[in-house]
Amino acid sequence: MENNQQDLNVLIKRRFEELEELKAKGFEPFPYSFDVNSSSEWILNNFRDGEDTSVSIAGRIMTIRRMGKASFAHIQDDKGRIQIYLKKDDIGESYDAFKLLDIGDIIGVTGYVFKTKTGEISVHVRELKLLSKSLRPLPIAKEVTDEQGNKIIFDQFADKELRYRQRYVDLIVNPEIRDTFIKRSRIVSSMRKFLDSRGYLEVETPVLQPIYGGAAARPFLTHHNALNTTLYLRIADELYLKRLIVGGFNGVYEISKDFRNEGMDRTHNPEFTMMELYVPYKDYEWMMQFVEQMLYEISMEVFGKIDFEYNGLNINFSVPWRRLSMVESIREKTGMDILSASIDELKGAARGKGIETSADDTKAGIIDEIFSTLVQPELIQPTFIIDYPVELSPLAKRHRSKEGLVERFEGYVGGKEICNAFSELNDPLDQRQRFEDQSRMREAGDQEAHQRDEDFLRALEYGMPPTAGLGIGIDRLVMLLTNQSSIRDVIFFPQMKPEA
RNA sequence: GGGCGCGUAGCUCAGGGGUAGAGCAUCUGCCUUUUAAGCAGAGGGUCGGUGGUUCGAAACCACCCGCGCUCACCA
């Protein structure tokens with residue numbers, strides 16, 4: 001350890017020296033606890049001139065202004081920052097210790113609240129205790145607030161790679177990212193409250209699965225030594241949650257990490273968070289109203305509004321959302337009826353709109369391509385696209401009146417898909433047939449085709465009630481509600497290549 | 001995977017064949033209500049890595065590593 005210091009830069013070396021000096025003077029650099037009875041936020045909101053308010057607060061030193069025998073500093077706690085004032089006359093030998101402290105050190109102070117000449121509410125320190133010595137320099141930025149109250153930050157810590165790799169530093173110095181993650185937590189908490197209040201049971205199902213299913217995606221593989229068998233990290237929770245509906249629960253949901261072994265970009269991280277909900281005796285019509293109401297209530301509870309700006313667009317979560325059938329949406333763009341048109345006619349229509357096609361494209365594939373290129377970008381206000389071709393939806397129930405379609409909807413907001421739901425397929429014979437169709441697609445080279453799950457079929461054969469199911473991508477919902485354009489900015493530790 | 005861009009001090013960045021730069025941060029001295037505190041001085045670098053071209057490379061070339069944007073793939 002001692003030898004390693006030779007490799008450290010002068011800033012870090014200096015801090016190791018300060019650490020030793022503090023120890024030599026009898027100050028413990030890493031003590032065990034400190035009694036906190038207030039916060040920066042509370043003090044700033046509750047200070048009244050003339051009152052003698054005594055407080056104990058703790059936080060990280062973010063600025064220091066030393067003036068010989070007195071100093072000002074700001075400390076940052078969970079709620080924000082507050083200025084502290086230290087005077088040699090008041091704290092004696094602790095002032096010598098303070099001279100050895102740096103930006104980044106964590107301290108506890110006890111003192112009384114006052115207002116400085118320039119009007120800033122501050123804590124006049126009577127006692128100072130070092131709580132943790134920081135050995136690395138923080139990439140600290142200076143801030144100033146102008147006359148209009150706008151915060152101007154100089155040389156803000158901005159390197160994306162460092163921010164993602166060292167999120168702990170990012171969280172210390174960039175308050176906005178902190179706010180985004182607090183919002184994320186509140187959104188999830190609000191959703192959980194909404195689901196719990198309706199009596200649905202939060203459950204946990206396997207992450208390690210012998211057969212993966214519930215979505216079209218390539219999985220991560222792992223190996224269980226004792227069983228000497230391949231296991232897959234789940235790509236979805238769907239098939240296990242439906243087993244629980246077979247088991248008789250009156251509505252179950254799970255908020256979980258799913259894993260998909262695919263490319264990464266600003267809307268895809270290899271592990272991501274999904275909420276899936278299954279409610280017996282309901283259908284997709286009911287689920288649409290449920291989703292509308294849930295997003296309305298989350299918006300109001302977390303943000304106090306239903307109007308959002310996303311990516312320069314104005315989004316409004318009024319109920320009800322627009323509904324448009326997949327067939328109709330494509331007819332509007334191409335004049336084609338996807339149900340009656342041949343695959344060649346569809347390819348012609350696609351090429352006419354500048355969409356490339358290839359010989360091995362399936363009809364469902366072309367339809368998906370036309371939809372995502374021509375229709376999806378225009379779905380700015382919350383919209384349900386309903387009734388999908390059966391080929392695209394091997395786990396959804398056939399439409400009660402429209403041949404070749406299933407009762408499925410996806411919710412689109414700001415041109416992005418945020419949820420997927422259907423009347424769940426509960427006919428075990430039809431489900432077996434759909435798995436067999438998937439097997440043929442797999443044999444034809446589709447690596448993302450669903451695997452047949454015999455145990456799931458067995459469960460359906462015992463009988464599953466008619467059920468409505470829903471999946472919501474939490475990361476993308478948070479992006480939408482917090483106006484973030486990259487999924488990496490709503491995941492604390494996004495996937496990165498290992499450091500060299 | 002393709003295209004474009006980036007990588008220089010702890011942070012933010014300039015420099016573009018001829019001794020490695022600035023602001024903030026750090027250190028020393030002065031300073032007991034400052035706030036991008038101030039004044040005076042000082043220290044700090046594998047210029048992402050490896051090869052090459054050249055008398056001489058941070059710079060030019062090649063390859064590699066990492067990151068960003070974008071397209072493709074992908075619910």
Side-chain angles (χ1 to χ4, degrees), chain A residues 7-15 17-18 62-74 81-91 95 99-100 102-104 114-122 124 134-146 151-166 169 173-174 214-218 235-236 258 260-270 272 274 356 365 368-369 371-372 376 388 392-393 408 410-412 416-420 446-448 471-473 475-476 485-486 488 494 496-500:
Chain A
D7 300 330
L8 302 176
N9 78 44
V10 289
L11 299 177
I12 296 178
K13 202 176 275 181
R14 171 62 193 163
R15 291 187 173 211
E17 289 165 9
E18 287 168 344
M62 299 303 283
T63 68
I64 302 178
R65 290 171 294 285
R66 301 181 199 274
M67 298 165 299
K69 298 184 182 62
S71 298
F72 285 93
H74 278 94
R81 291 185 184 184
I82 189 162
Q83 181 166 262
I84 60 172
Y85 176 59
L86 304 102
K87 202 158 71 155
K88 188 171 170 68
D89 291 348
D90 291 334
I91 60 173
Y95 197 81
K99 286 180 180 170
L100 295 169
D102 293 292
I103 288 173
F114 75 112
K115 199 179 254 186
T116 64
K117 272 183 190 169
T118 52
E120 180 163 352
I121 295 168
S122 308
H124 190 126
S134 167
L135 297 173
R136 287 177 181 270
L138 275 181
I140 197 70
K142 294 214 169 188
E143 304 183 6
V144 60
T145 307
D146 68 15
K151 195 188 285 181
I152 302 168
I153 301 177
F154 298 86
D155 301 334
Q156 186 161 26
F157 182 54
D159 185 295
K160 284 278 181 72
E161 178 174 1
L162 287 178
R163 292 181 60 189
Y164 296 147
R165 288 194 194 279
Q166 300 185 48
V169 174
V173 303
N174 287 324
R218 277 182 284 170
I235 59 172
D258 290 348
R260 298 188 185 176
N261 205 341
E262 292 166 348
M264 293 162 55
D265 60 29
R266 69 179 193 290
T267 58
H268 295 81
N269 195 63
F272 60 100
M274 184 84 100
E356 288 181 27
D368 199 26
E369 187 62 29
F371 176 78
S372 53
Q376 185 178 335
Y388 284 64
L392 290 173
S393 315
R408 172 183 178 185
E410 290 187 332
Y412 287 88
K416 312 271 194 244
E417 179 211 330
I418 63 154
C419 70
N420 181 21
D446 183 351
Q447 288 183 292
E448 302 190 342
I472 294 187
D475 311 277
R476 291 181 187 178
S485 58
S486 172
R488 296 186 192 95
M496 303 283 278
K497 288 197 183 180
E499 285 184 81

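In what follows, chains are A, B, ... by sequence order, proteins preceding strands, each numbered from 1. If you're wondering where the values come from, they're calculated on a predicted model, not measured in any experiment.
In a base pair of the Watson-Crick type (N1 to N3 plus N6-O4 or O6-N4) or a G-U wobble (N1-O2 and O6-N3), with each distance short of 3.5 Å, B:G5 is matched with B:C67. Look at B:A42: its Watson-Crick or wobble partner, with both distances under 3.5 angstrom, is B:U26. Remark: B:A62 base-pairs with B:U50; criterion is Watson-Crick or G-U wobble with both hydrogen-bond distances under 3.5 Å. Remark: B:C31 base-pairs with no nucleotide; criterion is Watson-Crick or G-U wobble with both hydrogen-bond distances under 3.5 Å.
Taking atom CG on A:Asp159 and atom P on B:G10, their separation rounds to 13 Å, with Å as the unit. In this structure, CZ of A:Arg163 is placed 20 Å from P of B:G10, rounded to the nearest angstrom. In this structure, CD1 of A:Ile121 is placed 17 Å from P of B:U34, rounded to the nearest angstrom. Counting to the nearest Å, the P atom of B:A36 and the CD1 atom of A:Ile140 are 15 Å from each other. Rounding to whole angstrom units, CG of residue A:Asn420 and P of B:C74 are separated by 16 Å. In this structure, the CD1 atom of A:Ile64 is 15 Å from the C1' atom of B:A36, given to the nearest Å. In this structure, the CD atom of A:Gln166 is 14 Å from the C1' atom of B:C67, given to the nearest Å. One atom, CE of A:Met62, and another, P of B:A36, lie 16 Å apart when rounded to the nearest Å.
Among the nucleotides B:C27, B:A25, B:U32, the one closest to any side-chain atom of A:Glu18 is B:C27. Counting only heavy atoms from C-beta on, A:Arg14 has its side chain closest to B:C27 among B:U32, B:C27, B:C11. Proximity note for A:Gln83 (side chain, C-beta onward) versus B:C67, B:U34, B:U32: the nearest is B:U34. When each of B:U32, B:G10, B:U12 is scored by its nearest atom to the side-chain atoms of A:Ala158, the top-ranked nucleotide is B:U12. Listed candidates were B:U33, B:A25, B:G44. Nearest to the side chain of A:Ile103 is B:A25. For A:His268, whose side chain is taken as the heavy atoms from C-beta onward, the closest listed nucleotide among B:C67, B:C74, B:G44 is B:C74. Side-chain proximity of A:Lys117 to the nucleotides B:U34, B:C27, B:A25 is greatest for B:U34. Taking the side chain of A:Lys142 as heavy atoms from C-beta on, and the options B:U34, B:C71, B:A25, the nearest nucleotide is B:A25. When distances are taken from the side chain of A:Glu448 to each of B:U33, B:C11, B:C74, the shortest belongs to B:C74.
With respect to the salt-bridge test (charged N to carboxylate O, under 4.0 angstrom), the residues A:Arg14 and A:Glu17 qualify.
Only the P atoms considered, B:G15 is 10 Å distant from B:G7, to the nearest whole Å. B:G23 sits 36 Å from B:A62 when the P atoms are compared, rounded to a whole Å. For the C1' atoms, the distance from B:A40 to B:G45 is 26 Å, rounded to whole Å. For the C1' atom pair drawn from B:A58 and B:G48, the interatomic distance equals 12 Å after rounding to whole Å. To the nearest whole angstrom, the two P atoms, one in B:A14 and one in B:C60, are 15 Å apart. Between the P atoms of B:C55 and B:C27, the separation comes to 47 Å (whole Å). Going from the P atom of B:C24 to that of B:A36 covers 13 Å, rounded to whole Å. Atom name C1', nucleotides B:G5 and B:G10: the rounded distance is 25 Å, in whole Å.
Residues A:Gln83 and A:Ser122 come closest through the heavy atom pair NE2-OG, 3.0 Å. Closest approach of A:Arg260 and A:Ile235 over heavy atoms only: NH2-O, 2.8 Å.
Residue contacts for A:Glu262: at a heavy-atom cut-off of 4.0 Å it reaches the sugar-phosphate backbone alone, with no base atom in range. Looking at heavy-atom distances under 4.0 Å, A:Tyr388 makes no contact with the nucleic acid at all. Residue contacts shown for A:Tyr164 are limited to sugar-phosphate atoms, with no base heavy atom under 4.0 Å away. Nucleic acid contact for A:Tyr85: base, since at least one base atom lies under 4.0 Å from a heavy atom of the residue. Here A:Leu138 lies out of heavy-atom contact (under 4.0 Å) with every strand.
Residue whose closest nucleotide on RNA chain B sits further toward the 5' end, between A:Phe72 and A:Arg66: A:Phe72. With RNA chain B read from its 5' end, the first of the two nearest nucleotides for A:Asp102 and A:Glu410 is the one closest to A:Asp102.
Side-chain contact, A:Arg408 with A:Asn420: a donor N or O sits under 3.5 Å from an acceptor N or O.
In this model, the phosphate group of B:A25 is not approached by any side-chain N or O of A:Arg136 to a distance below 4.0 Å at OP1 or OP2. Note on A:Asn9: every side-chain N or O is 4.0 Å or more away from OP1 and OP2 of B:G44. Note on A:Arg65: every side-chain N or O is 4.0 Å or more away from OP1 and OP2 of B:U34. Taking only side-chain nitrogens and oxygens, A:Arg266 comes nearer than 4.0 Å to OP1 or OP2 of B:U70. Side-chain nitrogen and oxygen atoms of A:Arg165 include at least one within less than 4.0 Å of the OP1 or OP2 phosphate oxygen of B:C67. Phosphate proximity of B:G68 to A:Arg488: present, with a side-chain N or O under 4.0 Å from OP1 or OP2. Using a 4.0 Å cut-off, no side-chain N or O of A:Lys497 falls inside it from OP1 or OP2 of B:C65.
Checked by atom type and distance alone, the side chain of A:Arg65 never pairs as donor or acceptor with a backbone atom of A:Phe72 at under 3.5 Å.
Within the 4.5 Å cutoff, the side chain of A:Glu120 has heavy atoms near those of the A:His74 side chain. A:Phe114 is listed as a side-chain neighbour of A:Thr116, based on a closest heavy-atom distance under 4.5 Å. Residues A:Val169 and A:Pro139 are in side-chain contact: their nearest non-hydrogen atoms beyond the backbone lie under 4.5 Å apart.
For B:U34, the base has no donor-acceptor partner in the side chain of A:Glu120 [N/O atoms by modelled type, under 3.5 angstrom]. Side chain A:Asp265 to base B:C73: a donor-acceptor pair is found below 3.5 Å.
Ring geometry for A:Tyr85 versus A:His124: interplanar angle over 60°, hence perpendicular rather than tilted (30 to 60°).
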